S.K.: 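Take a look at the following structure, please.
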Amino acid sequence: MNEEPLLEGDFGGPPGAGGGPRFHLRLTRTELQILGGPPGGGGTAGGGGVLRLADVVGCHTLRAPSLPAAAFFAVYAYPPRCRGVPGGPRRRRRAPTFRVDAAPHYEGNRATAERWARAIRCLVRGLPLPPQAEILPEPRRRRLLLLLNPFGGRGQALSWCQTHVLPMITEADISFNLIQTERANHARELVTGISLDEWDGIVTVSGDGLLYEVVNGLMDRPDWAAALRMPLGILPCGSGNALAAAINFHAGLAPALGLSLLQNCAVLLCRGTPSPLDLVSVTTASGARVFSFLSVAWGLVADVDIESERLRRLGPARFALGTAARLLALHTYRGRLSYLPAVPRSATTDATGATAAATAAPLPRALSDLGLCAGTPSGPGTPEGDGGDWGDAGDNPGLGDNAGKNGAAAGDVPVWGDALIQGDAPGRGDTAGRGDIAVQGDASSSGDSSSDGVTPRRGDTPSDGATKVHGDDSSSGVTLRHGDTPGHGATTVHGDAPSPGDTPSDGANMVHGVTPKDGDTPGHGATASSGDAPSDGATEPWGHPKPWGHLKPRGHQGPWCHLKAGGHPQPRCPPKRRVPPRPPPSPPGGPVDDLLVPLGQPVPPGWVTLEGDFVLVLAIYQSHLGAELVAAPRARPDDGLIHLCYVRAGVSRGALLRVLLAMARGGGGDAATAGPPLARVPARAFRLEPLTPRGVLTVDGERVEYGPLQGQIHRGLARLLTPAPP
Ligand SMILES: Nc1ncnc2c1ncn2[C@@H]1O[C@H](COP(=O)(O)OP(=O)(O)OP(=O)(O)O)[C@@H](O)[C@H]1O
């Protein structure tokens, strides 16, 4: 409460609240403080509450025809609520809605509402707020390409996405195009053909494997360097969700699994800005080169990953079971591990105490990971806060005796023009190439609005924004090419805008959720039902609106279920957005591995080589090996380091189990694993030469050819959507 407020004002509640409750709002850089309401409203501020902006994804202005002079703004927040849920706290949607009615006319009130909405949107996106600025900047609407593997994890990706992700990102003013992959490598093919200018990010909805496909698909492009500038995101719906867990960890959120992890990552995505992501180029014996954002594994970790695939329906539990089985029948593998230490040192010893075999020059001591492991984990460790004292759904934050004046006088704020309608939903004819689906301007929502007593403000006719996902319609703008081989599973998605009652022509489905865009009805944000009453709690500004209850497909199957085959090799329509100047062509095949020499040659001077029997070798560059396994707590997505972990043969099962349990507790590599039996070495490059004739090697959890391989880090080569710093 001590932070200097950026905005402050007195407002009423949602339409149904009539002249009853009034609230005093203070917006700071980190919170929306809501004061007022009845005593005992459960809030920390005189019956109000505190909404952490870290839990807010968007804010929209709204209008109610029954109160023609008033304007409203709704704040969309997902504070963590349910503690004690296995997998971490779940988030619950809140959409407190406030009435601006100090000015005699709608325009004045709308200006105030929009000023608040813009300020909140800027803060949520981490954009600077100019001090004393009359007109606040409007964050640009983002367009994301969502690629969803319907078979990832336990096969819940689509339903989780529909229920938990799409509503949220729509409230965050993100338009999207969602495509279900139809087979392995489909995502890889798709991203080799997309028009980069049309997207602000590519987000995979599955496990780590789908993002691995996307990264390598981008690398397949002749313009790979520009393609890798495309911000990448991940929404965890797979069984291996290591990168998502790492993002969750670095964001300072409590450890989460399953739906909790997905909700966290969706909130973080809404607030996301691109930040650097290291990639490791991995060259295998055949000379093939792949790009990895997570890990290379050999031995125990790789065996468990691949062998447990048949237990996929168990979700992440498959790894625990697979590990238990492998511990009982522990294998060791003979091989040679060489690496270029990140910090060259003259005399070191292998943390396991084993003898290192010199290659070039006198053998430097293997850099144990002790340096990295000392001290407390760098992880956040602090569970996220509650974000204020909120009641459950329908809780009334406080009505009451505070009949304060509406201090947000119209004169205090500039009156903006009509142009400020956010949403930019693709309207009719906006099919050109972008294929924005998106969720928007739903007929039912528009229809709802009349009965709600609230009305969309501009162009909120159902057709203005609702988007149909067609099957194959060559007349519409086609955004995606796929593999330059049309007609075999390519996916076309159109941004056609159907009218109410429109029926997809060829069995394709229409996504007709609701686009909470400025000026839209509060019915999907905080009010619904008849008259002026909000849907659940006529007098609460918060309500617990259920806007997505009517996110239902109009086709006869679920939405996006059959995006149809029959793509086109070229986008039909030019992108509508500004096209940046083309960068010079990149050298073919990705960046040069300047730290490596061909696999057939001895490693360069300055490298360390260890030869012997290993239980596992793991080159990891994220903190997490799985959603529940912290293998390198100090690893950062852009630290420029390969955290090389290995366990030598001879380790007891008990000692190994202790290491794994320590990782599962999130302290992997610290007290429990500093030194033997697990060594962890910071490196820039490595080479692994298996001498055992058969085994499993994985890159980012995907099996690659068995044999010698080597890799080097390329710092910040890609970009990852991570939450904007406060
Ligand atoms: N429609 C599809 N049908 C079959 N396989 C697919 C499909 N889409 C993607 N794949 C493949 O499924 C594999 C696993 O995907 P992903 O890693 O995202 O999910 P996961 O459940 O975490 O799987 P895993 O645990 O095996 O990594 C990827 O290698 C990808 O190529």
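For the numbers below, each heavy atom of this structure counts, side chains included, while hydrogens, waters and symmetry mates do not. All figures in this text were calculated on a predicted structure; none of them were measured in a lab. Read the numbers this way: they start at 1 and go in the same order the structure lists the ligands and their atoms.
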S.K.: How far apart are the C-alpha atoms of Y621 and H643, what are their side-chain angles, what is the distance that settles it, and do they pass the ring pair (Phe, Tyr, Trp, His ring centres under 6.0 Å) test?
M.R.: CA-CA 6 Å; Y621 4 103; H643 300 263; 8.6 Å; no
S.K.: Of the choices G153, A242, P150, which has the non-hydrogen atom that lies closest to atom 21 (O) of ligand 1?
M.R.: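 Looking at heavy atoms only, G153 sits closest to atom 21 (O) of ligand 1.
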S.K.: May I ask you to list the atoms of ligand 1 that are less than 4.0 angstrom from any heavy atom of G238?
M.R.: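 So the atoms of ligand 1 that pass are 20 (P), 21 (O), 22 (O).
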S.K.: Rounded to the nearest 0.5 Å, how far apart are CG of L300 and CG of L616?
M.R.: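 Interatomic distance, L300 CG to L616 CG, rounded to 0.5 Å: 5.5 Å.
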S.K.: Relative to the heavy atoms of S239, which atoms of ligand 1 are at a distance of less than 4.0 Å?
M.R.: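 Heavy-atom distances to S239 below 4.0 Å select 20 (P), 21 (O), 22 (O), 23 (O), 24 (P), 25 (O).
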S.K.: Tell me whether D638 is salt-bridged to R636, with the criterion being a basic N under 4.0 Å from an acidic carboxylate O.
M.R.: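 A salt bridge is absent here (no side-chain N lies under 4.0 Å from a carboxylate O).
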S.K.: Using ring-ring contact (aromatic ring centres under 6.0 Å, His included) as the criterion, point out the one residue from Y646, W298, F614 that pairs with Y333.
M.R.: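 With Y333 as partner, ring-ring contact (aromatic ring centres under 6.0 Å, His included) holds for just one option, W298.
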S.K.: I'd like to check whether L210 has a polar contact with ligand 1, where a contact means an N/O of the residue lying under 3.5 Å from an N/O of the ligand.
M.R.: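 Among all N and O atoms of L210, at least one is under 3.5 Å from an N or O of ligand 1.
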S.K.: Between E213 and ligand 1, which part of the residue brings a heavy atom under 4.0 Å of the ligand: side chain, backbone, both or neither?
M.R.: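 Within the 4.0 Å criterion, E213 contacts ligand 1 through side-chain atoms alone.
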S.K.: Out of all atoms in ligand 1, which are within 4.0 Å of some heavy atom of F151? Include the element for each.
M.R.: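 With F151 as reference, the close atoms of ligand 1 come out as 1 (N), 2 (C), 3 (N).
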S.K.: Can you tell whether the side chains of R703 and D305 come within less than 4.0 Å, N to carboxylate O?
M.R.: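 Answer for the salt bridge query: no.
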S.K.: Return a yes/no value for G152: is any of its N or O atoms, backbone included, closer than 3.5 angstrom to an N or O of ligand 1?
M.R.: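 It does not: no N or O of G152 is found under 3.5 Å from an N or O of ligand 1.
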S.K.: Of all residues at least two apart in sequence or in a different chain, which pass the side chain to side chain contact (heavy atoms under 4.5 Å, CB included) check with D220?
M.R.: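 Listed in chain order: R188, T192.
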S.K.: With a 4.0 Å cut-off on heavy atoms, is R183 in contact with ligand 1?
M.R.: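 Contact check R183 vs ligand 1: positive.
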